[in-house]
Amino acid sequence: MDLKTSLNSPVFVDPLPSLALPSAVMTYTTPTSFPASGLYLNTPKKKPLPSKIEEVRAAGWLDLMLASSPPRKRQGKEFLPNDIQADDLDLRYHNWMVKYPSALTSFEAITELARGKRLALFLDYDGTLSPIVDNPANAVMSDEMRAAVRHVASLFPTAIISGRSRDKVFDFVKLTELYYAGSHGMDIMGPVRKSESSGHPVECVRSTDSEGKEVNLFQPASEFLPMIAEVFHNLSGSIRDIDGARMEDNKFCVSVHYRNVAPHDYEKVHQRVTNVLKDYPCLRLTHGRKVLEVRPVIDWNKGKAVEFLLESLGLSESDDVLPIYVGDDKTDEDAFKVLKANNRGFGILVSSVPKDSDAFYSLKDPAEVMEFLSKLAAWKEEESS
Ligand SMILES: O=P(O)(O)OC[C@H]1O[C@H](O[C@H]2O[C@H](CO)[C@@H](O)[C@H](O)[C@H]2O)[C@H](O)[C@@H](O)[C@@H]1O
């Protein structure tokens, strides 16, 4: 399969030379022309920014890095120095929950909304189905959670949309009855579309899943693979001496974890990463829970992945469909926004601290996510009996 040709699908109009990446999918300022050869290794360097602006930008990043995902031990009130602070935190959380009500206490309102509709469920992985842990390799999902996900997936079309590589998230979840989108939606294994004529046709590669079932593979950033591999190598070398810093290869994205780095070294992590990225204007940096994420500058995210999957499932054009997305991180906000637009469906933010969000409801932690999924399954079974 010629992946360059596949990118010249009707959705991706106006392709740029060489990269075959259309301007419609590029969000950041990129060079208008690329060298014909050595494309990925010699992309033109951005002009260095004036140092003052760079300083201001770096300071903004540092604030984000310091504020990101407060250490778990300090989130519970038992670790706070006194009761006043604990009460203040409780009060702030309760005030926040007025704006983002619990999906558990609002369960009746949710089922009222869902009555007579076809539900589609989209679930983030880390921090949603598995608790946040220090070592990303240990973020396993409990058997109880797996059973709850399997149960909902037997009743509603269900997909996992993760920042991890698709293979890795499948290894954690291990359920063949779901659809999977890895690398923040840049690697989707979904159903073969019911109707090629509905919505925007996009170029997919027909494939088979681990059970031999026919599936569609959609990888809008496949042209970036050599560049991502190279940047992974360069970043690994660049942060090697920073105690606690850890790299993760997510196929179309690269994660630089700083959860185990001392706060006084955060700036060093950010500087090293931005320094390497200066040579890659086609890549950009985003920020998650104690992680810096490097990804291609294409206009594709978890929100677009939700739209893509809804269309693949033949659920995008109907009023009787209610998509629900559950996630905990900034990258999930793109999906919350898509569902919020035109009141299409809604997002549920998983958070134990107040956060601004485009989600409609909230859940405190993965344990509450599991309870919500179980309640949803029980409600559906009762409704259909
Ligand atoms: O979209 P997600 O499924 O939520 O993936 C986002 C990132 O999640 C993982 O990192 C986060 O969880 C780790 C394990 O609990 C934690 O150690 C880390 O600090 C968190 O940022 C994953 O390792 C990343 O590659 C994903 O991009």
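As the structure lists them, so they are numbered: ligands from 1, and atoms in each ligand from 1.
- Looking only at protein heavy atoms, the nearest one to atom 19 (O) of ligand 1 is Arg259 NE, 2.6 Å.
- With ligand atoms numbered from 1 in the order given, ligand 1 contributes 24 (C), 25 (O), 27 (O) to contacts under 4.0 Å with heavy atoms of Ser255.
- Those atoms of ligand 1 with a heavy atom of Pro131 less than 4.0 angstrom away are 15 (O).
- Between Phe172 and Tyr125, the ring planes lie parallel to each other; the angle is under 30°, not in the 30° to 60° tilted range.
- Looking at atom 17 (O) of ligand 1, its nearest protein heavy atom turns out to be Val133 O, 2.5 Å.
- Among protein heavy atoms, the minimum distance from atom 2 (P) of ligand 1 is reached at Asp124 OD1, 2.9 Å.
- For the residues Arg295, Lys302, Glu293, the heavy atom positioned nearest atom 7 (C) of ligand 1 is part of Glu293.
- Residue Ile132 holds the heavy atom nearest to atom 11 (C) of ligand 1 of all those in Leu129, Ile132, Val291.
- You'll find the ring centres of Tyr361 and Phe346 inside the 6.0 Å limit.
- Looking from atom 8 (O) of ligand 1 to the surrounding protein, the closest heavy atom is Asp126 OD2, 3.1 Å.
- In summary, the atoms of ligand 1 found under 4.0 Å from a heavy atom of Tyr125, numbered by their order in the structure, are 3 (O).
- Contacts between Ser162 and ligand 1 below 4.0 angstrom, taking non-hydrogen atoms only, involve backbone and side chain alike.
- Of the protein's heavy atoms, Arg289 O, 3.3 Å lies nearest to atom 20 (C) of ligand 1.
- Checking Glu293 against His287 by side-chain atom types alone, no donor-acceptor pair falls below 3.5 Å.
- Atom 10 (O) of ligand 1 has His257 CE1, 3.5 Å as its closest protein atom, hydrogens excluded (heavy atom only).
- Side chains of Arg246 and Asn135: a donor on one and an acceptor on the other come within 3.5 Å.
- Nearest to atom 23 (O) of ligand 1 by heavy-atom distance, out of Lys168, Arg246, Glu248, is Glu248.
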